[in-house]
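Heads up: the structure comes next, in structure tokens.
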Amino acid sequence: MIRFLGLRLARAMLTIVLVVTFAFVVLRMSGDPAMTIMSPEAPAEAIAAFRKAWGLDQPIWLQYLHYFGAILQGELGQSMRDGRPALVLVVERIPATLLLTVPALLLKIGLGLPAGIYAALHRNSLADRMVMAGAVAGFTVPSFVLGLLLVLLFAVQLGWLPSGGQESWRSMILPVITLGLGGAGILARFTRSAMLEVLGQPYIRTASAKGVPWALVVRGHALPNAAIPTVTIIGFMIGSLIAGAVVVESVFSWPGVGRLLVVAVANRDLAVVQCILLLVATTMVSANLIVDLLYGVLDPRLRGGGH
Amino acid sequence: MAGLVSIRNLRVRFDGNEALRGVDFDVARGEAVGLVGESGCGKSVTWLAALGLLPGKATITGSVMLDGHELLGAPASQLDHVRGGRIAMIFQDPASALNPVHRVGRQVTEALRLHRGMDGAAARAEARRLFDLVGIPDAGRRIEAYPHEMSGGQNQRVMIAMALAGQPELLIADEPTTALDATIQAQILDLLRRLQAETGMALVLISHDLGVVAEMCTRVGVMYGGRIIEEAAEADLFARPGHPYTQGLLAARPDMAGPRRRLEAINGGVPEPWNFPPGCAFAPRCTVMTAACDAEVPALHTIATGHRAACWRAG
Ligand SMILES: Nc1ncnc2c1ncn2[C@@H]1O[C@H](COP(=O)(O)OP(=O)(O)O)[C@@H](O)[C@H]1O
Ligand SMILES: [Mg+2]
């Protein structure tokens, strides 16, 4: 178990390093921040000074080494825009994002799990077909399309809900639904297929053959087995709590991490972008680690040691 | 002997294909009866249908009486009482027949709770006793194990302990040793024989191995193409097989005692449910078929006392 965890931890660190490196390279190669921030008409001396101040005049590998060394010391740099520490800028946006993504996650689970289980238990019924059609629609319609449709209907036509901003809890409703529906569809489909797979297993027939009532077969024998693959998807969703709302935050002009990312990329505010990517990678990787641990709890076959 | 289970004209369809085409079969109290036939003949489906364990897409007609009570179409609450409580069933592959996420002891105590109202320490003590009874060493510790931590033979013993937990009047053992290696096979069969003698429960042993059935059972039914095509006392069947299919099965048996001879396997294969011949299902493979065999399905008829066969030429 210790070995298993150590291995997973090492893999997690490697993933983060790769993400950080990749982001660094792509960002440095996709345009000159000095030009974007200073505007092209700025005098050449000013641009050169800006480059020097931010270390952009050095070779890229040296920049990378500096950057990496700084990260190791917990130093994530300053925003090129307003000079404040990038980390502070990012962290103060996190609550707003979580205000959307956490309720959306609950919506995904609360809607997706029961729908998937119900569909599997009533395979090929009208309800099953409806759940599956809804699920397909839920994750094939891009979230900006769904978001705009909801805005058109509930904000513009009916005038029931605000179309954006962060004035009251009512502004949360449309973005949360937009975020939640697609995920609920994905989760419903996964849960359904996991349940169908498990319901076809011989041990389900064994449970029925020994006289376990069907409701108990489902609860005590099928669900604990179907939970194992389903947890992977939920873990992935938890991993995207920070970064999963980029599009929706933009559509609803919600001041979260996602919007900050869009603005920072447009401005080539490298430190901020890198800080967000580092944070996103860390959440994803941590969620994966938790999923790995949960596997051990849910599936005795994956538990090392013990007996 | 008093009748226990009586199956009449049992028919099962999957997606419009008839897999069982009118099975008639009886099991008396306390008897050990064998059910043989090549794979795909309908042996498993017969008992899964009787216990309501087939998937919903299966259409089942006919009658399965347990002690004078109809099981087909009985409400689930009644079937849950019968399953495990009066008729228990164990399966071919014990490794996949046990739930991988539950400890084996818990899978046994679940049956104890359902059928004997036992809970907590009493259930655990009884589970331990059952583990001892089926020959699992170190029962007190093994009830804490998970199925993947045990061998195939041990898992099959757990399945048997689980089946015994409800003190059933009939145990259906569906190829209980097919997935196990030879020495373990013999041990499990010994165990079943001993338990049957000790508890007085009836046993239906499903097997494609005539030798296994000959050792264990007093009466044998032979299935082919979704029907019983011959039925007789064990000695009768082996001495005077009436159906060419049974004769073929006997001829194809490797003879352990005598000198090695060539296996006279029956040519061809079992017909699929969507592709049954119009007359006798065995006709295409039969060496002695006549025109009548293709015209009409021969009924199961008495050819000697206690010996029935479904062949136009037998009798
Ligand atoms: N769930 C099912 N769906 C469709 N066909 C099935 C199903 N179960 C069994 N069959 C068919 O019924 C026939 C009898 O199968 P079975 O009773 O398992 O044979 P066996 O004598 O080997 O136990 C086979 O042709 C098999 O393909
Ligand atoms: Mg079978």
Side-chain angles (χ1 to χ4, degrees), chain A residues 1 4 118-129 192 194-232 291 293-307, chain B residues 44 47-48 51-57 76-104 106-108 110-116 141-142 144-150 155 158-159 162-166 168 171-172 174:
Chain A
M1 193 72 194
F4 170 80
Y118 187 89
L121 290 175
H122 301 85
R123 190 183 189 176
N124 292 334
S125 68
L126 184 65
D128 178 23
R129 283 164 220 265
R192 176 180 181 269
M195 268 304 268
L196 284 179
E197 159 90 25
V198 166
L199 288 173
Q201 293 298 310
Y203 54 80
I204 295 299
R205 190 181 58 194
T206 303
S208 287
K210 74 174 162 183
V212 182
W214 182 240
L216 275 181
V217 173
V218 170
R219 221 170 61 212
H221 291 269
L223 287 181
N225 281 284
I228 298 166
T230 307
V231 150
T232 315
V291 166
L293 284 178
L294 264 178
Y295 278 155
V297 174
L298 292 171
D299 190 345
R301 285 163 296 187
L302 298 178
R303 254 171 253 165
H307 294 268
Chain B
S44 303
W47 290 99
L48 293 173
L51 291 174
L53 293 173
L54 286 176
K57 66 169 178 178
S77 57
Q78 203 174 317
L79 279 180
D80 289 337
H81 174 73
V82 169
R83 296 190 281 229
R86 300 192 64 189
I87 304 178
M89 188 160 178
I90 64 174
F91 302 96
Q92 177 168 337
D93 182 10
S96 60
L98 288 166
N99 193 324
V101 306
H102 294 322
R103 296 177 198 278
V104 290
R106 169 170 168 192
Q107 302 191 46
V108 174
E110 185 176 31
L112 290 169
R113 179 168 50 74
L114 289 166
H115 297 295
R116 287 161 71 189
R141 263 164 44 88
R142 293 314 267 169
E144 299 293 340
Y146 288 97
H148 75 275
E149 296 167 329
M150 305 181 78
N155 276 328
V158 171
M159 284 295 290
M162 205 162 86
L164 293 177
L171 173 64
I172 317 288
D174 188 354

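Numbered from 1 within each chain, the chains take letters A, B, ... in sequence-line order. Just so we're clear, the structure is a prediction, and the values are computed from it rather than from any experiment.
- With a 4.5 Å cut-off on non-hydrogen atoms, B/L114 touches chain A through its side chain but not through its backbone.
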Given the rule in the side chain to side chain contact (heavy atoms under 4.5 Å, CB included) test, do A/T206 and B/Q107 qualify, once you have shown the distances and angles that lead to the verdict?
-> CA-CA 10 Å; A/T206 303; B/Q107 302 191 46; 5.9 Å; no

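- Residue contact with chain A, scored on non-hydrogen atoms closer than 4.5 Å, is absent for B/Q92.
- Counting only distance, with no hydrogens or angles, the side chain of B/H115 and the backbone of B/R83 share a donor-acceptor pair below 3.5 Å.
- A donor-acceptor pair under 3.5 Å is formed between the side chain of A/H122 and the backbone N or O of A/Y118.
- In terms of modelled atom types and a separation under 3.5 Å, the side chain of B/D174 and the main chain of B/S44 share no donor-acceptor contact.
- Interface remark: A/I204 contributes no atoms to any contact with chain B (heavy atom separation under 4.5 Å).
- Within the 4.5 angstrom heavy-atom criterion, no atom of B/H81 approaches chain A.
- In this structure, the portions of B/A97 lying under 4.5 Å from any heavy atom of chain A include both its backbone and its side chain.
- Side chain of A/R129 to main chain of A/N124: a donor-acceptor pair is present (N/O by atom type, distance under 3.5 Å, no hydrogens or angles).
- Contacts of B/I90 with chain A are absent, with no heavy-atom separation under 4.5 Å from either backbone or side chain.
- When the candidates B/L51, B/L98, B/I172 are compared by the number of heavy-atom contacts under 4.5 Å with chain A, B/L98 comes out ahead.
- Here the shortest heavy-atom pairing between B/L53 and A/A209 reads CD1-CB, 3.6 Å.
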